[in-house]
Amino acid sequence: MPKATDQRAPFDPTRSNVEAIARLEQEALHHRSSGERISDFITRIAGSLTVVIIHLLMIALWVLINLRLIPGIAPFDPFPFGILTLILASEGVFLAIFILISQNRMTRQADRRAHLDLQISLLAEQELTMILRMQQRLCSHLGLEVEAAPEIEQLAKSTDVNRLVSELQSRLPDSE
């Protein structure tokens, strides 16, 4: 009788992690407010080389027209180009606001990622501590002599996160 083959693909943790991260990113993009979507769109467009070139061409044309360097076109904003200054200043203010909206959203997303990283790191530390304790018990049960290094004993203890935070804060330099 022919042997049945397992049709399931083997578990690939890397692929699974990549898919989970991609799913989280898609969810974050999906949950943006309308204002954040508009702001992201404007910021993405404004940050392109095409927009830089268009601005340079439009400003150059504006200046050439208003310095009477193009025959047949009457100047409409004589030097020192008050209308141009007003338009560019207004554009700069609005663009700065859109950038800030996008940056605020990205900061919130980065904070969520940092909290997730911290949670995963704490969980991994707890799991590794438990594994080390289990290995110590297993060695003891099997009668294997293991050098009782102080490092092993210290690592087998649970990590006190609050103590670590306090210690870090007392040792790190102020950011002034």
Side-chain angles (χ1 to χ4, degrees), residues 5-59 85-139 146 148-176:
T5 58
D6 188 4
Q7 297 298 322
R8 292 179 298 172
F11 175 69
D12 181 356
T14 302
R15 170 178 261 150
S16 176
N17 291 342
V18 168
E19 288 172 0
I21 291 167
R23 187 176 58 254
L24 289 171
E25 290 298 314
Q26 285 297 327
E27 288 175 13
L29 288 174
H30 179 72
H31 287 99
R32 292 177 299 173
S33 69
S34 298
E36 289 171 336
R37 290 174 195 270
I38 291 168
S39 178
D40 287 347
F41 175 75
I42 290 171
T43 303
R44 186 173 51 252
I45 298 300
S48 69
L49 186 58
T50 303
V51 170
V52 171
I53 292 170
I54 290 170
H55 270 81
L56 287 174
L57 293 174
M58 288 176 57
I59 292 169
T85 302
L86 175 67
I87 291 171
L88 293 177
S90 298
E91 180 185 25
V93 167
F94 284 111
L95 188 56
I97 291 169
F98 289 127
I99 290 169
L100 288 173
I101 291 169
S102 291
Q103 285 182 336
N104 286 339
R105 180 192 56 78
M106 292 183 335
T107 298
R108 285 191 309 273
Q109 189 174 0
D111 287 346
R112 285 191 296 269
R113 288 181 189 139
H115 291 149
L116 178 61
D117 286 345
L118 178 60
Q119 178 63 28
I120 290 170
S121 294
L122 290 172
L123 183 60
E125 186 278 332
Q126 292 166 345
E127 290 170 348
L128 290 171
T129 299
M130 185 58 66
I131 290 170
L132 185 56
R133 288 177 183 164
M134 290 170 64
Q135 285 179 331
Q136 285 177 319
R137 287 186 212 130
L138 187 59
C139 287
V146 179
E151 295 88 5
I152 294 173
E153 295 302 320
Q154 188 65 28
L155 290 172
K157 293 179 183 177
S158 295
T159 301
D160 182 356
V161 177
N162 293 321
R163 184 185 58 78
L164 282 177
V165 169
S166 295
E167 191 173 326
L168 273 172
Q169 287 175 341
S170 70
R171 292 186 183 209
L172 291 177
D174 290 334
S175 61
E176 292 181 36

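Residue numbers run from 1 in the order of the sequence given.
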If we only count heavy atoms from C-beta on, is the Leu24 to Leu116 side-chain gap below 4.5 Å?
-> yes
In terms of heavy-atom contacts, Ser33 and Glu36 come closest through N-OE1, 2.9 Å
Closest non-hydrogen contact found for Ala156 with Leu132 is N-CD2, 3.6 Å
When Ile53, Ile54, Val52 are each screened for side-chain contact (heavy atoms from CB on, under 4.5 Å) with Thr50, the one that passes is Ile54
Note to self: Walk me through whether Glu19 and Arg23 qualify under salt bridge (Lys or Arg N to Asp or Glu O under 4.0 Å).
What the structure shows: CA-CA 6 Å; Glu19 288 172 0; Arg23 187 176 58 254; over 6 Å; no
OG1 of Thr107 to CZ of Arg112, rounded to nearest 0.5 Å, is 10.5 Å
The side-chain contact (heavy atoms from CB on, under 4.5 Å) partner of Arg105 among Arg37, Arg32, His31 is Arg32
- Query: Would a 4.5 Å heavy-atom cut-off, applied to side chains only, mark Leu86 and Ser90 as touching?
  - Reply: yes
| Are Arg113 and Glu25 side-chain neighbours, meaning at least one heavy-atom pair lies under 4.5 Å? | yes
Any side-chain donor-acceptor pair under 3.5 Å between Ser158 and Arg133?
-> yes
When rounded to the nearest 0.5 Å, the distance separating CD of Gln135 from CZ of Arg137 is 11.5 Å
To the nearest 0.5 Å, atom CG of Leu29 lies from atom CD of Gln109 at 6.5 Å
In this structure, CD1 of Ile131 is separated from CD of Gln126 (nearest 0.5 Å) by 12.0 Å
Quick check against the 3.5 Å criterion: does Ser39 have a side-chain atom that pairs as donor or acceptor with the backbone of Gly35? no
Open item on the list: Is it true that Glu125 and Thr129 share a donor-acceptor pair across their side chains at a distance under 3.5 Å?
Closed with: yes
Nearest heavy-atom approach of Ser102 to Thr43 is OG-OG1, 3.5 Å
Can you find a heavy atom in the side chain of Leu138 that is under 4.5 Å from one in the side chain of Met134? no
